[in-house]
Peer 1: 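One structure is given below, represented as structure tokens, and several questions about it will come after.
Since the model is a prediction, treat every value here as computed from it, not as a measurement. Any value given below was found using the heavy atoms of this structure, including those in side chains, with hydrogens, waters and symmetry copies removed.
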Amino acid sequence: MTPFSTQIMPVSAAAIQHAALLLSRGEVVAFPTETVYGLGANALDEGAVRRIFDAKGRPSDNPLIVHIAERSGLQPLVSLVPPEAEPLMRAFWPGPLTLILPKSARVPEVVTAGLDTVAVRMPAHEAARALIRAAGVPIAAPSANRSGRPSPTAARHVFEDMDGRIPLILDGGACRWGVESTVLDLTADPPVLLRPGGVTLEALRLHLPNLRVDSAVLSPLDAGAQARSPGLKHRHYAPDARVLVVRGDPAAVRAKIASLYDEAQANDVRAAILCPSRFAPLYGDRNVLPLGGDESEMAAHLFETLRALDRQGFSLALAEAAATEGMGLALMNRLLRAADFEWIGADMAP
Ligand code: TXA
Ligand code: MG
């Protein structure tokens, strides 16, 4: 890979034109979306898409999402738009919902990792859509982190992971949702939620009452899950620190976390506690990284907090489990994956 000196440009009309020029030359550019930062390339240029995999260190069996700016961008990418897709697109596009649909022959195999389906999303972020329009092509983009690291929710996170690997990062400030889009497989019958995100399960069920949740959302991978979404089998969102999720009755969870923390400290292990802001005072003078007031705010701050753990030299994070309603499902999914599904019940002996 050619080493780049990576430039960070605040979003402006000129910066978007510059980014579009780089994309037209087959380069890879990082850009903001309302979920997380993406690492984009021309989805119809096989060589450009390969550069995404190189820059991320991403296994080539993990397919990418193709981003479009208008509804007219969808038709060329798919061989069929199933009737249940229409109300979903009307309700949630542009926005944090990715639809898995049967692919057309135009989408290169490298984008879909050889699958006969393609993931498509229309982002709500104005800079993302301006970039897609300026490029005049659909943009394939995974999250702009090095493979396995927490997804970037600010331009400086992209720089931490991608300095020297890509020519340009468009800086649009902090991402609104802070977790990746909801991924919904409409080629399965009944449809399956593969990854929870900003569009909640409850909101989707108003349109798809028979929607199933993939078992890999809240539990370690079973044998079948790998085939359903190849991305699920790779370790994700992992800081260097060990993350342990504590589940159970709220009062018992807090007592358990306090005792695990004190035990770690007695063994010279630097620990931090991840919890809702309102419970931080209950932990006294222990190190607490409060995530926010509600599940939505907590999800938005999770990835930057996982990065902060490593920067601040913590080697253990003890996290309170969240309820899995609304945005809590996306929060628990990312937390459990960061923990490599390591959890303990508050009433369990260590
Ligand atoms: O919010 C987002 O979705 C961000 C922004 C940049 O748009 N992108 C993102 O991409 O999170 P990535 O590559 O980090 O995650 C895409 C997920 C992976 O788990 C991948 O396996 C899955 O979508 N995926 C992509 N194409 C698929 C397909 N055809 N079938 C099943 N899963 C697919
Ligand atoms: Mg990712």
Side-chain angles (χ1 to χ4, degrees), residues 23-24 26 33 35 38-53 58-124 128-129 131-133 135-143 180-195 197 199 204 207-214 216 224-233:
L23 290 172
S24 74
T33 83
T35 57
L39 199 58
N42 177 355
L44 306 177
D45 177 342
E46 205 179 306
V49 173
R50 275 186 214 293
R51 287 192 168 153
I52 297 178
F53 286 90
R58 181 172 175 120
S60 61
D61 62 355
N62 192 359
L64 305 180
I65 296 173
V66 180
H67 297 70
I68 57 176
E70 338 276 346
R71 269 296 298 275
S72 59
L74 178 65
Q75 209 64 58
L77 303 173
V78 299
S79 60
L80 174 91
V81 179
E84 60 275 27
E86 292 292 343
L88 295 170
M89 292 187 290
R90 232 174 294 129
F92 303 114
W93 278 9
L97 176 66
T98 295
L99 298 178
I100 311 286
L101 298 165
K103 94 184 246 312
S104 77
R106 272 195 85 185
V107 182
E109 298 251 307
V110 59
V111 173
T112 60
L115 298 175
D116 53 11
T117 56
V118 61
V120 186
R121 164 163 129 77
M122 188 193 292
R129 290 169 73 204
L131 178 63
I132 302 165
R133 285 195 201 101
V137 288
I139 303 292
S143 49
E180 307 86 342
S181 61
T182 301
V183 178
L184 175 58
D185 187 353
L186 287 181
T187 68
D189 187 17
V192 183
L193 181 86
L194 293 175
R195 181 175 74 182
V199 174
L204 289 171
H207 300 269
L208 298 171
N210 61 347
L211 177 60
R212 278 198 322 109
V213 178
D214 196 284
Q226 192 177 116
R228 290 191 298 274
S229 190
L232 295 176
K233 74 170 173 283

Peer 1: State, yes or no, whether a side-chain contact exists between S24 and N42 at a heavy-atom distance under 4.5 Å.
Peer 2: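 SC-SC contact between S24 and N42 ruled out.
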Peer 1: So, for P87 and H207, which heavy atoms are closest and what is the spacing to 0.1 Å?
Peer 2: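 Result for this residue pair: CB-ND1, 4.0 Å.
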Peer 1: If you look at every heavy atom in P138 and L77, which pair is closest and at what distance?
Peer 2: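 What the structure gives for the nearest pair is CG-CD2, 4.0 Å.
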Peer 1: Contact between F53 and V110 at the side-chain level, heavy atoms closer than 4.5 Å - yes or no?
Peer 2: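 The answer is yes, as the side chains (C-beta and beyond) meet within the 4.5 Å cut-off.
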Peer 1: When you measure from the side chain of T112 to the backbone N and O of V118, does any donor-acceptor pair fall under 3.5 Å?
Peer 2: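 The answer is no, because no donor-acceptor pair under 3.5 Å joins these two groups.
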Peer 1: Are I65 and E180 side-chain neighbours, meaning at least one heavy-atom pair lies under 4.5 Å?
Peer 2: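 Heavy-atom side-chain distance check fails, nothing below 4.5 Å.
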Peer 1: Side-chain contact test, heavy atoms from C-beta onward, threshold under 4.5 Å: evaluate it for E70 versus R133 and give yes or no.
Peer 2: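 Contact flag for E70/R133 side chains = yes.
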Peer 1: First locate atom CG of D214, then atom CZ of R195, and finally report the distance between them rounded to the nearest 0.5 Å.
Peer 2: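 Going from the CG atom of D214 to the CZ atom of R195 covers 12.5 Å.
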Peer 1: Restricting to salt bridge (charged side-chain N to carboxylate O under 4.0 Å, His left out), what partner residues turn up for R106, sequence neighbours left out?
Peer 2: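 Applying salt bridge (charged side-chain N to carboxylate O under 4.0 Å, His left out) to R106 gives none.
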Peer 1: Quick one: closest heavy-atom pair of A69 and M122, and the distance?
Peer 2: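 Between these two residues, the closest heavy atoms are O-SD, 3.7 Å.
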Peer 1: Is there a side-chain contact between T187 and D116, using heavy atoms and a 4.5 Å cut-off?
Peer 2: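 Answer no - side chains too far apart.
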Peer 1: Please report the shortest heavy-atom distance between D61 and P63, naming the atom on each side.
Peer 2: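 Scanning both residues, the minimum pair turns out to be O-CD, 3.5 Å.
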Peer 1: Which pair of non-hydrogen atoms, one from I52 and one from A41, has the smallest distance, and what is that distance?
Peer 2: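 Distance-wise, the nearest heavy atoms are CD1-CB, 3.6 Å.
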Peer 1: Has R212 got a side-chain atom pairing as donor or acceptor with P190's backbone, closer than 3.5 angstrom?
Peer 2: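 No: the side chain of R212 does not pair with the backbone of P190.
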Peer 1: Could you grab the distance from atom CG of L184 to atom CZ of R121, nearest 0.5 Å is fine?
Peer 2: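 Spacing of CG (L184) from CZ (R121) equals 14.0 Å.
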Peer 1: State the CD1-CG distance between I68 and L74, to the nearest 0.5 angstrom.
Peer 2: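 Reported value, rounded in 0.5 Å steps: 5.0 Å.
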Peer 1: Do D45 and L23 have side-chain heavy atoms sitting under 4.5 Å apart?
Peer 2: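 No - every pair of side-chain heavy atoms lies 4.5 Å or more apart.
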Peer 1: Find out whether P123 and I132 are in side-chain contact, i.e. whether some heavy atom of one side chain is under 4.5 Å from a heavy atom of the other.
Peer 2: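 Yes, their side chains come closer than 4.5 Å.
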Peer 1: Give the table of side-chain donor-acceptor pairs shorter than 3.5 Å for residues 96-103, with sequence neighbours excluded, one pair per line with atom names and distance.
Peer 2:
unit_1 : atom_1 : unit_2 : atom_2 : d
T98    : OG1    : S181   : OG     : 2.7
K103   : NZ     : V107   : O      : 2.9

Peer 1: Among pairs that include at least one residue of residues 75-95, which meet side chain to side chain donor-acceptor pair (under 3.5 Å), considering only residues two or more places apart or in two chains?
Peer 2: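 Residue pairs passing side chain to side chain donor-acceptor pair (under 3.5 Å), neighbours aside: R71-E86.
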Peer 1: List the atom of S60, the atom of A113, and the distance in Å for their closest heavy-atom pair.
Peer 2: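 Residues S60 and A113, closest heavy atoms: O-CB, 3.5 Å.
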Peer 1: State, with a plain yes or no, whether a side-chain heavy atom of H67 is found less than 4.5 Å away from one of L131.
Peer 2: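 No. Closest side-chain heavy atoms not under 4.5 Å.
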